[in-house]
Amino acid sequence: HHLNEMIDLFADCTDNAQRCREYLKAQLFLPASASELSVTAVGHAHIDTAWLWPVRETVRKCARTFANQLTLLRKYPQYVFGASQAQHYAFVKEKYPALYSEIKRQIKTGRWEVQGGMWVEADCNLISGESMIRQILHGKNFFRDEFGIDVNNLWLPDVFGYSAVMPQILRKSGIDFFLTQKISWSQFNKFPHHTFKWRGIDGSEVLTHFPPEDTYNSNLHSHSLAKARDNFSEKAVLDEFICLFGVGDGGGGPTENQIERGVRMANLDGCPRLSFDRADNFFERLRKCEDDLQTWVGELYLELHRGTLTTQALVKKCNRQLEMQLRQLEILWSCLPLNRYPAKELDEIWKKVLLNQFHDILPGSSINEVYRFTHAEYDNLLQRCQALQSKAADDLFDKEEDTIVLFNSLSFPYHGTIELPEEWRGFTAQNADSQQELPQQVEAGGQKSIVSVSVPPLSFLSIRKGKQHQQKRPRAVSELILENDLMRYEFAADGTLIRPFDKELQSEIVPINEKGNVLTLYEDRPNDWDAWDVDIFYETAVVEHAELFEIVHLADGPVRRVLQHRFRIGESQIEQTIYLEAHTKRLDFHNSVDWRESHRMLRVAFPVDIATDKARFDIQYGFVERPTHRNTSWDWAKFEVAGHRYVDLSEQDYGVALLNDCKYGHKVYDHTLDLNLLRSPRHPDPDADQGQH
């Protein structure tokens with residue numbers, strides 16, 4: 001109303017401008033009501049470490065953004081700016097030392113806040129527990145070494161879901177507060193809190209806040225802050241919430257217009273009282289109200305972006321390989337004197353791995369150019385790990401011809417097979433300590449020699465070349481059965497698994513008239529975010545099932561039995577080699593896929609005769625239970641969920657697990673275990689996942 005009055009008063013004549021200002025002055029000086037909420041406005045520039053641009057451009061984005069913000073800090077004495085991600089500060093330190101010196105000066109004055117104790121704002125569904133701890137370890141150490149600040153908050157406004165183990169890891173890492181905004185993007189259910197205590201799988205709790213404006217790129221408009229005030233779930237017990245304002249994603253941060261709007265809303269009728277402040281001050285004020293807050297137990301599941309559990313499959317596979325390689329290397333090198341430990345090189349490798357765990361790189365939502373660089377880095381890192389492993393072996397062992405040393409880095413015994421070197425073909429293999437011959441067989445037309453080994457946990461085993469002898473070729477078989485003393489797996493002529501039978505318990509595993517190893521191609525066209533999303537209607541959009549065109553019987557001997565299936569599906573082909581080793585119930589499927597699809601998704605399903613209303617999914621340092629039914633909208637929304645190495649369906653006395661070595665997207669509905677193998681989105685990378693897997 002008053003703006004309309006002012007326009008009439010202006011009468012399209014600049015001579016009336018002062019009269020208009022005088023008229024509006026009275027309205028702009030009306031104070032906020034006594035019961036009005038307060039908003040802490042934190043200047044912020046969310047900079048994606050890579051997304052629609054490569055990492056090298058992010059280095060320049062950091063420089064431009066930080067230089068802009070230093071100018072604004074000089075111009076507006078009440079203004080406060082904050083930035084997260086230690087990697088970004090490291091970029092600026094290396095490339096723009098003068099700029100970095102000025103940032104350090106502003107940090108010392110308290111006007112520039114260091115936020116979020118991670119190396120980058122990492123994905124939290126896919127990374128291992130060790131990676132999550134390393135993100136915090138390297139992030140906090142950088143900020144403490146460079147600025148003398150121990151950051152006690154985790155700042156992840158734009159990450160695609162949060163594992164149930166995180167409160168435990170955060171508290172043990174000296175982080176008491178957690179901020180995100182992303183859960184407000186959920187598709188079906190509105191999360192009931194904005195400020196709450198988040199409890200993890202061990203009972204640890206961390207104080208958590210979601211900005212109720214539902215954005216991390218606020219423009220500081222009065223109508224948007226009024227909406228945030230009305231939206232704030234805890235307004236009955238708390239009188240303050242946070243607002244992150246500034247141009248984000250591509251960086252830039254707050255603008256002069258935004259800061260000027262904030263100045264005018266310091267105490268204005270109809271708006272929350274606004275003050276520029278640091279986030280850490282806001283969190284400490286929240287701590288005093290902790291007893292008034294509700295508790296949320298378990299994961300913070302984002303009902304969106306479920307496709308990020310599968311897209312860009314090779315990135316996910318390499319990340320897991322590097323996580324395992326680094327774990328293994330550190331155990332190996334800890335067997336040597338401390339002064340030999342390659343700390344500097346391991347530190348460099350870890351930081352590259354951590355960088356590529358950023359929440360638009362590892363999840364698969366970046367452009368093609370990003371992944372060209374990522375894969376080149378992964379190749380280099382894997383080579384460096386291999387070189388470090390060889391160096392550790394040189395230092396740990398005396399060289400001896402005709403001997404192999406096996407190392408089991410796991411905390412439980414390894415029972416499995418290895419392929420012997422080519423020059424051992426035609427010789428027996430012995431346990432070097434006991435001189436006992438190891439079970440052995442020839443495969444691939446006499447080109448491969450396979451031996452069965454057992455290695456104790458965290459131990460070494462030496463194998464020595466034995467006597468020369470004529471090894472028997474495995475007997476020829478024609479039936480579609482893999483069998484040992486414990487299990488009998490029967491396949492149909494179409495490649496599906498029709499009768500897995502547990503001999504030990506005399507129990508059928510697959511329900512009657514159902515079958516496992518069902519490879520299905522679905523149409524995969526999500527509504528909005530191509531690389532990011534899987535929408536539930538894919539379930540009714542079946543394109544076809546895999547068509548078997550060749551079966552090869554590869555081996556049937558004392559060590560293992562092997563079948564090979566070759567399928568066509570869509571424009572792609574799958575070569576599936578299936579192994580059953582002696583003395584195990586586990587059936588291994590090694591899949592090689594030539595993937596030539598567009599907007600298609602490949603999944604494999606195994607129905608099992610288990611009656612339970614919950615499944616257990618492997619997460620970092622533990623597991624999380626999720627329902628196998630869709631009773632409520634919250635259950636229904638979890639039609640695609642994260643799991644690391646296994647998902648398990650168990651009754652009181654029996655269970656079946658589906659394991660994997662490089663996948664994360666799972667569905668468990670009723671009694672069926674279902675794994676998402678490959679996707680083929682076109683945006684933002686039109687060539688995503690094309691080729692060999």
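Nothing fancy with the numbering, it's 1 onward along the sequence. Only this structure's heavy atoms are used, side chains among them; waters, hydrogens and symmetry mates stay out.
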Steps toward side-chain contact (heavy atoms from CB on, under 4.5 Å) verdict (F232, T195): CA-CA 9 Å; F232 185 35; T195 309; 3.6 Å; yes
CA sep, side-chain torsions, deciding dist, call: H590, Y579, ring pair (Phe, Tyr, Trp, His ring centres under 6.0 Å): CA-CA 8 Å; H590 291 195; Y579 301 87; 4.8 Å; yes
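Heavy atoms from other residues, nucleotides or ligands lying under 6.0 Å from CD of E348 number more than 12.
Ring geometry, W53 versus W51: the interplanar angle exceeds 60°, so the pair is classed perpendicular (tilted spans 30 to 60°). Ring-plane geometry between W185 and W529 is classed as tilted, the angle between the planes lying from 30 to 60 degrees on a 0 to 90 degree scale. Ring planes of W296 and W634: tilted class, angle from 30 to 60°.
The two residues L354 and V120 have their closest heavy-atom pair at O-CG2, 3.4 Å. Taking every heavy atom of both residues into account, Q620 and S163 meet most closely at OE1-OG, 2.8 Å. Looking at every heavy atom in both residues, N676 comes nearest to K663 through O-CD, 3.8 Å. Between D360 and S365, the shortest heavy-atom distance links the atoms OD1-OG, 2.6 Å. For L649 against A615, the heavy-atom pair with the smallest separation is CD2-CB, 3.8 Å. Heavy-atom minimum distance, D123 versus P363: OD2-CG, 3.4 Å.
Remark: aromatic rings of Y664 and H644 are close, center separation under 6.0 Å. You'll find the ring centres of F143 and Y89 inside the 6.0 Å limit. Here F589 and F606 bring their ring centres to under 6.0 angstrom of each other.
Every pair passing salt bridge (Lys or Arg N to Asp or Glu O under 4.0 Å) that includes a residue from residues 676-693 is listed here, sequence neighbours excluded: D524-R679. Within the structure, the salt bridge (Lys or Arg N to Asp or Glu O under 4.0 Å) test picks out the following pairs touching residues 612-622 (sequence neighbours left out): R616-E625, D618-R645.
Under 4.0 Å is where a charged nitrogen must lie from a carboxylate oxygen, and between E369 and R56 at least one such pair does. In this structure, R306 does not pair ionically with D533, as no charged nitrogen and carboxylate oxygen lie closer than 4.0 Å. Taking the charged nitrogens against the carboxylate oxygens, R327 and E130 have no contact shorter than 4.0 Å, which rules out a salt bridge. A salt bridge links R199 and E205; the closest N-O separation between the charged side-chain nitrogens and carboxylate oxygens is under 4.0 Å. Residues D158 and K182 are paired through a salt bridge, judged by an N-O separation under 4.0 Å between the basic side chain and the carboxylate.
Counting only heavy atoms from C-beta outward, the side chains of Y371 and I361 approach each other to under 4.5 Å.
For the ring-ring contact (aromatic ring centres under 6.0 Å, His included) test with W198, the passing option among F191, F178, F210, F177 is F178; the others fail.
Residues passing the ring-ring contact (aromatic ring centres under 6.0 Å, His included) test with Y522 are Y538, sequence neighbours excluded.
Side-chain contact, W350 with E330: a donor N or O sits under 3.5 Å from an acceptor N or O.
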